[in-house]
Participant: 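Sharing a structure here in structure tokens format.
Protein chains get the first letters and strands the later ones, always in sequence-line order, with residue 1 at the start of each.
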2 protein chains.
Amino acid sequence: MSEGVEWALHCCLDLTWLDPGTAAPAAKLAAFHGLPTAYLNKQLQALARDGIVTSTRGPRGGFRLARGPERITLMDVVTAIEGAEQAFRCTEIRGPSPKDPARDVYREPCLIDQAMRKAELAWRVELAGQTVADIKVQVERNAPDVPEHTRRWFADVQA
Amino acid sequence: MSEGVEWALHCCLDLTWLDPGTAAPAAKLAAFHGLPTAYLNKQLQALARDGIVTSTRGPRGGFRLARGPERITLMDVVTAIEGAEQAFRCTEIRGPSPKDPARDVYREPCLIDQAMRKAELAWRVELAGQTVADIKVQVERNAPDVPEHTRRWFADVQA
DNA sequence: GTCTGCATACTCGGATAAGAGCTGTCCGAGTAGCTTAGG
DNA sequence: CCTAAGCTACTCGGACAGCTCTTATCCGAGTATGCAGAC
């Protein structure tokens, strides 16, 4: 899996702690996490294309969440970065060449495909069941200083 | 996900229908599914390294299952081809650079990592819960002609 | 007729290229705010 | 003093290389089979 997913998730979490009405530029987000600015910008663009964040250009511009974090699932973020295609894709390789006379033996759907889809569905259900807000709440409980620490950093440091 | 997984799963299923005591060479398996022989051979080698199939060289040689299909899970096959590493791997990018004085704010484990692991675990559980024998039984119920069709093809055709 | 040695064909195994996708970088498009000059 | 036009600085956005991993291929290592020749 692309590591852009990790970056995007962390950025979404950061954005929940910004001062209301402010946006975080890609440069600051990159500096905060020690990541290459331009490439992170590319990932954030992907989030913007899927309507997870909104982007504004010019001074005081940057990215902010397009909707409440309770309405952004981990699945949404993964899909935005990785694309919506299945990881396992059936290429229908059953049986000897398509010109085989007994080809109709394989009318029924491929059960290997179904089994893999079932597993991948379980993965997607788990991802769709957790929102950015859930993570936010857990962090605020486990490490109460992180939100303020983050907010302050984005408010003060000019990177 | 590598398409070698699909190839490997189909091959394992084929092997369950071979005449007892016989082995299927990579060339025949490749011809049966319309795949490049040499590359499929490489995937089968990966299965052999993980002890899922056994390989014998020379005439009448080839691959056969190393144990009963009820003891081969889909997880085993996926791990053999894709490796045992997690798809999502946390690189610990939380907070500003490691030399930040307030670094100890991030003592607690990364919750994004935990969330992603949880989802991936659900995927693995699903895969580990289905065996090649399960697929075999389902196919024999849904498409009763496939087993004999396959057995005959491997017994007769010299590819 | 039987045994032994050898040649042969077959198959896996690992080392070696080609291609695709992820990773990383750069510069142009667009915007907000400041500056400055005029009324 | 107030207004407005222009300028500057800042930020996103998409187009352009580098690099790792998947895909694909080839040839050598090893083995069972069948044959030929000697006893």
Side-chain angles (χ1 to χ4, degrees), chain A residues 1-8 11 15 18 21-31 33-64 66 78 80-83 85 87-89 91 93 154 157-159, chain B residues 1-8 11 15 18 21-31 33-64 66 78 80-83 85 87-89 91 93 154 157-159:
Chain A
M1 178 176 310
S2 168
E3 64 179 329
V5 171
E6 184 187 11
W7 300 3
C11 287
L15 294 181
L18 288 188
T22 66
K28 267 196 182 179
L29 287 164
H33 292 293
L35 302 174
T37 302
Y39 189 36
L40 176 61
N41 187 22
K42 197 178 181 58
Q43 311 290 0
L44 293 171
Q45 283 177 36
L47 292 183
R49 267 194 295 274
D50 272 31
I52 294 172
V53 302
T54 60
S55 63
T56 55
R57 303 215 266 203
R60 305 288 297 167
F63 297 91
R64 67 192 74 187
V78 170
I81 303 295
E82 295 269 291
E85 306 166 17
F88 180 93
R89 58 198 195 291
T91 57
I93 59 173
F154 277 92
V157 180
Q158 60 263 19
Chain B
M1 176 177 312
S2 167
E3 65 180 329
V5 172
E6 184 186 12
W7 301 2
C11 287
L15 294 181
L18 288 188
T22 66
K28 264 194 182 179
L29 287 164
H33 293 294
L35 303 173
T37 302
Y39 189 36
L40 176 61
N41 186 23
K42 195 176 182 59
Q43 311 289 3
L44 293 171
Q45 283 176 36
L47 293 183
R49 267 193 295 274
D50 273 31
I52 294 173
V53 301
T54 60
S55 63
T56 56
R57 302 216 268 204
R60 306 289 297 167
F63 297 91
R64 70 192 72 187
V78 170
I81 302 297
E82 296 269 291
E85 306 167 19
F88 180 93
R89 59 195 195 292
T91 57
I93 59 173
F154 277 92
V157 179
Q158 61 263 18

Participant: Strictly below 4.0 Å: does A:Gln45 bring a side-chain N or O up to OP1 or OP2 of D:dC12?
Facilitator: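 It does not, given that no N or O in the side chain of A:Gln45 lies less than 4.0 Å from OP1 or OP2 of D:dC12.
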Participant: Specify the residue among B:Pro25 and A:Thr37 whose closest nucleotide of DNA chain C lies further upstream toward the 5′ end.
Facilitator: B:Pro25
Participant: Once you round it to whole Å, what is the distance between P of C:dG21 and CD of A:Gln43?
Facilitator: 16 Å
Participant: Between C:dG13, C:dG24, D:dC12, which one does the side chain of B:Asn41 approach most closely?
Facilitator: C:dG13
Participant: Check the phosphate of C:dG14 against B:Arg49, side-chain N and O only, distance under 4.0 Å to OP1 or OP2. Yes or no?
Facilitator: yes
Participant: So, A:Glu6 and B:Thr91: side-chain donor and acceptor under 3.5 Å apart, yes or no?
Facilitator: yes
Participant: Out of C:dA9, D:dT25, C:dG24, which nucleotide sits closest to the side chain of B:Pro59?
Facilitator: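 Nearest nucleotide to the side chain: C:dA9.
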Participant: Between A:Lys42 and A:Arg60, name the one whose nearest nucleotide on DNA chain C is closer to the 5' end.
Facilitator: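 By nearest-heavy-atom nucleotide position, the 5'-most residue is A:Lys42.
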Participant: Separation of A:Met1 atom CE from D:dC21 atom P, in whole Å?
Facilitator: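 So the two atoms are 17 Å apart, to the nearest Å.
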Participant: Supply the atom-to-atom distance A:Gln45 CD to A:Asp50 CG, rounded to the nearest 0.5 angstrom.
Facilitator: 12.5 Å
Participant: How many whole angstroms separate atom CZ of B:Arg57 from atom C1' of D:dA29?
Facilitator: 5 Å
Participant: Compare the minimum distances between each of D:dT25, D:dT31, C:dG14 and the side chain of B:Pro36, then state the nucleotide with the smallest one.
Facilitator: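 Within the option list, the nearest is D:dT25.
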Participant: I want to verify a distance call: between D:dA24, C:dT25, D:dC12, whose nearest atom is closest to the A:Ser55 side chain?
Facilitator: D:dC12
Participant: Send over the distance from B:Glu6 CD to D:dT23 C1', rounded to a whole Å.
Facilitator: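 About 15 Å, once rounded to whole Å.
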Participant: Rounded to whole Å, please give me the gap between CD1 in B:Ile93 and C1' in C:dT23.
Facilitator: 15 Å
Participant: Roughly how many Å is it from CG in B:Leu44 to C1' in C:dC12, rounded to a whole number?
Facilitator: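 In whole Å, C:dC12 C1' lies 10 Å from B:Leu44 CG.
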Participant: Taking only the side-chain heavy atoms of B:Tyr39 (C-beta and beyond), determine which of C:dC12, D:dA24, C:dG24 contains the nearest atom.
Facilitator: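 Within the option list, the nearest is D:dA24.
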Participant: Using the side-chain heavy atoms of A:Phe63, tell me which of these nucleotides is nearest: C:dC26, D:dC12, C:dG24.
Facilitator: D:dC12
Participant: Between D:dA24, D:dA29, D:dC12, spot the one nearest the side chain of B:Glu3, thanks.
Facilitator: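 Looking only at heavy atoms from C-beta outward on B:Glu3, the closest nucleotide is D:dA24.
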Participant: If you compare all heavy atoms of A:Thr37 against all heavy atoms of A:Ala27, which two are closest, and at what distance to 0.1 Å?
Facilitator: CG2-CA, 3.6 Å
Participant: Measure from CZ on A:Arg64 to P on D:dT11 and round the result to the nearest Å.
Facilitator: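 That distance rounds to 13 Å.
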Participant: For D:dA32, take OP1 and OP2 only and decide whether either is under 4.0 Å from a side-chain N or O of B:Thr56.
Facilitator: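 So the side-chain polar atoms of B:Thr56 never come under 4.0 Å of the phosphate oxygens OP1 or OP2 of D:dA32.
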Participant: Applying the side-chain contact (heavy atoms from CB on, under 4.5 Å) criterion to A:Leu44, which one of A:Ser55, A:Cys11, A:Pro25 satisfies it?
Facilitator: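 With A:Leu44 as partner, A:Ser55, A:Cys11, A:Pro25 yield a single side-chain contact (heavy atoms from CB on, under 4.5 Å), made by A:Cys11.
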Participant: How close or far is atom C1' of C:dT11 from atom CG of B:Leu40, stated in whole angstroms?
Facilitator: 13 Å
Participant: Quick one: side chain to side chain contact (heavy atoms under 4.5 Å, CB included) partners of A:Ser2, sequence neighbours excluded?
Facilitator: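 Testing A:Ser2 for side chain to side chain contact (heavy atoms under 4.5 Å, CB included), a comparison that skips the adjacent residues, returns A:Ile81, A:Glu82.
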